[in-house]
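Since this is a predicted model, take the numbers as computed values, not measurements.
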Amino acid sequence: MKKILGIYDYIFAILLIGLPFSKALPNILLPLLGLLFLLNIKNVNFKPLLKPPFALLYVLLVYIFIKGLVVQNIFIEWSHFKKYLIVFIIPVLLLNLKNINTIKVSMVICVQSVIWVSIAVITINYLTTGSLPFTNGEKVNQLLVMERPYAGFFAVLGFLFSLNLINKHPRYKTCLMASAVITVLFVLLIAARISFLTLIIMLGIYILFYSKLPSKLRGFIIAGSVAIVAVLFIFNDNMAKRFFIEESWEESVAVASDYEPRLVIWPCAAGMAQKTSYNLLTGFKTNKEIETNYINCYSGIIKNPSKKEYYLSEKFNSHNQFIDIALSQGLLGLLLFSGFLISLLLHVHKNFFYTAILIALMLFLLVENVLYRQAGCYIFSIFATIISINPYAYNVKNEGNTCS
């Protein structure tokens, strides 16, 4: 029995490594993890899930399903609701994990696999076409293992886990430092905006709140970082274009309006909140109604025929998890979800490593409707749980302010 249970961590590691490459593999491994969990359920400590962060999350999940039953849309839209089961199950299964370092190592392996497979495809495309289409979101997504925002987010996590593992495995310091450098270069190569901003924000937070360096040296590092970023935008045309940096402010705004979907999507979402069918406390009754409202909005406000056709065919969702919850679950859902994240932050704010993961996750939630996808539900539930059940959680003293 012990030998069987001993493979539990490695099955979870395989699930994480396979997540970017296969939709089927996680769903195949999940029942197996559930079976092994049940075999060891007597030895599982459920207390971490009774603490404020996950208590709030589970209240939110119960509210979502009860609302679905009340308005009788849960069966019609089961493909949407069943994804929330992943968010419900994964935190429970992670309680049976014996060694969190297994997940950390598997995350580094996962990220490096995503990077090198993507680089191989990018290289083949360059040799074939002679171009690097990193300013075209649709084309770049075809070259990457994951869509650019997800690939960038994984790269940021790979950077954090690589640096964190140096403390645990100093003899692999060179390899882990190389892994961290590669992830940053990958973010720059694919011009992942939110991931690039996340790295800058994390550096600033570390210097201002966690570093014990003298004030003058902190100021010098911040000034140097600003200079490096400025030089990067000057010499990296892809990154400059991704941030819509043109010769004048008016040109930048015009280009952003043409090429940034969120500048169309978010005003549409704001307009939806004014509709009579929207309930401030509970949101719209069905996700189908939200989708229809978006399509009607795109049809009405987009004048360019090809752009309109693109938006209507893609059926863009909210591209912001907070907006999506506000529309689908109302103020009640938004308060529960925000309360969950704030509670997590309060529990880990003394530890930079876990705080950095949470900041990266929260910034990602601002630009992507993460829980709309199966992979997103796995990503959210795995890393939110790792943050919640880490040794520093619930104000338990640890070895320092950096990584645990």
Side-chain angles (χ1 to χ4, degrees), residues 1-69 74-75 77-107 109-110 157 161 336-337 340 343-344 347 354 357 361 370-371 373-394 396:
M1 181 64 70
K2 288 184 178 180
K3 289 183 178 180
I4 295 175
L5 295 175
I7 66 172
Y8 189 89
D9 289 17
Y10 297 102
I11 295 175
F12 230 120
I14 294 171
L15 184 153
L16 183 56
I17 293 171
L19 191 58
F21 300 95
S22 171
K23 291 183 179 180
L25 182 62
N27 293 336
I28 293 171
L29 295 179
L30 202 59
L32 179 57
L33 287 168
L35 176 61
L36 294 175
F37 177 87
L38 291 175
L39 292 175
N40 192 48
I41 194 169
K42 291 182 180 180
N43 299 316
V44 175
N45 177 18
F46 288 91
K47 288 183 179 179
L49 298 187
L50 301 177
K51 299 290 183 177
F54 270 89
L56 288 170
L57 181 63
Y58 280 122
V59 170
L60 171 62
L61 292 173
V62 170
Y63 162 68
I64 289 173
F65 278 95
I66 289 176
K67 183 195 168 190
L69 287 170
I74 191 170
F75 302 109
E77 299 184 336
W78 178 244
S79 61
H80 176 80
F81 280 90
K82 70 179 182 181
K83 296 169 189 172
Y84 287 115
L85 293 177
I86 296 171
V87 182
F88 185 91
I89 294 170
I90 289 293
V92 177
L93 295 180
L94 276 169
L95 294 177
N96 198 37
L97 209 63
K98 298 297 183 294
N99 188 355
I100 193 66
N101 278 335
T102 305
I103 297 299
K104 293 180 180 180
V105 172
S106 64
M107 186 61 196
I109 295 172
C110 172
L157 292 181
F161 281 108
L336 287 169
F337 186 68
F340 165 70
S343 182
L344 276 182
H347 284 308
Y354 292 105
I357 295 176
L361 181 60
V370 178
L371 299 181
R373 304 182 181 199
Q374 173 184 293
C377 289
Y378 276 106
I379 292 168
F380 174 82
S381 53
I382 289 173
F383 294 107
T385 308
I386 287 174
I387 295 167
S388 179
I389 66 176
N390 78 82
Y392 207 98
Y394 317 119
V396 175

Rounded to the nearest 0.5 Å, what separation is found between the CG atom of Leu371 and the CD1 atom of Ile379? 10.5 Å

Say you draw a straight line from SG of Cys110 to CG of Leu157; how long is it, rounded to the nearest 0.5 Å? 9.5 Å

Of the non-hydrogen atoms in Thr102 and Ala13, which two are nearest, and what is the gap between them? CG2-CB, 4.0 Å

Main-chain N/O of Ala384 paired with Ser388 side-chain donor or acceptor, under 3.5 Å: no

Could you state the interatomic distance from CG (Leu57) to CG (Leu49), rounded to the nearest 0.5 Å? 9.5 Å

side-chain contact (heavy atoms from CB on, under 4.5 Å) involving Phe46 - partner list, sequence neighbours excluded: Phe37, Ile41, Val44, Val92, Leu95

Point-to-point distance, once rounded to the nearest 0.5 Å, from CD1 of Ile17 to CD1 of Ile109: 4.5 Å

Those residues that, when tested against Glu77, pass side chain to side chain donor-acceptor pair (under 3.5 Å) (two or more places apart): Asn73, Asn287

Are side-chain heavy atoms of Tyr63 and Leu60 found at a separation under 4.5 Å? yes

So Met107 and Ile382, side chain to side chain contact (heavy atoms under 4.5 Å, CB included) or not? Walk me through it. CA-CA 11 Å; Met107 186 61 196; Ile382 289 173; over 6 Å; no

CD1 of Ile14 to CD1 of Ile28: how many Å apart, nearest 0.5 Å? 12.0 Å

Measuring only between side-chain heavy atoms, which start at C-beta, is Ile386 closer than 4.5 Å to Tyr354? yes

Residue list, ring-ring contact (aromatic ring centres under 6.0 Å, His included) with Tyr10, at least two apart or on another chain: none

Where Phe54 and Pro91 come nearest, the two heavy atoms and their spacing: CE2-CG, 3.4 Å

Which donor-acceptor pairs under 3.5 Å do side chains of residues 83-90 form with protein atoms, sequence neighbours excluded?
| from | atom 1 | to | atom 2 | distance (Å) |
| --- | --- | --- | --- | --- |
| Lys83 | NZ | Tyr372 | O | 2.5 |

Could you grab the distance from atom NZ of Lys23 to atom OH of Tyr378, nearest 0.5 Å is fine? 12.5 Å

Heavy-atom closest pair, residues Leu344 and Pro53: CD2-CB, 3.7 Å

So does His80 get a backbone contact from the side chain of Lys82, meaning a donor-acceptor N/O pair under 3.5 Å? no

Looking at Pro26 and Leu19, what are the two nearest heavy atoms and their distance? CG-CD1, 3.7 Å

Test side chain to side chain contact (heavy atoms under 4.5 Å, CB included) on Leu29 and Phe12 and set out the steps. CA-CA 8 Å; Leu29 295 179; Phe12 230 120; over 6 Å; no

Residues forming a side-chain contact (heavy atoms from CB on, under 4.5 Å) with Leu56, sequence neighbours excluded: Leu336, Phe340, Ser343

Shortest non-hydrogen contact between Asn96 and Leu36, atoms and distance: ND2-O, 4.2 Å

For the student: nearest non-hydrogen atoms of Phe383 and Leu16, plus distance: CZ-CD1, 4.3 Å

Using the salt bridge (charged side-chain N to carboxylate O under 4.0 Å, His left out) rule, collect all pairs that involve residues 373-386, keeping only residues at least two apart or in two chains. Glu147-Arg373

Quick one: are Trp78 and Phe81 in side-chain contact, heavy atoms under 4.5 Å? yes

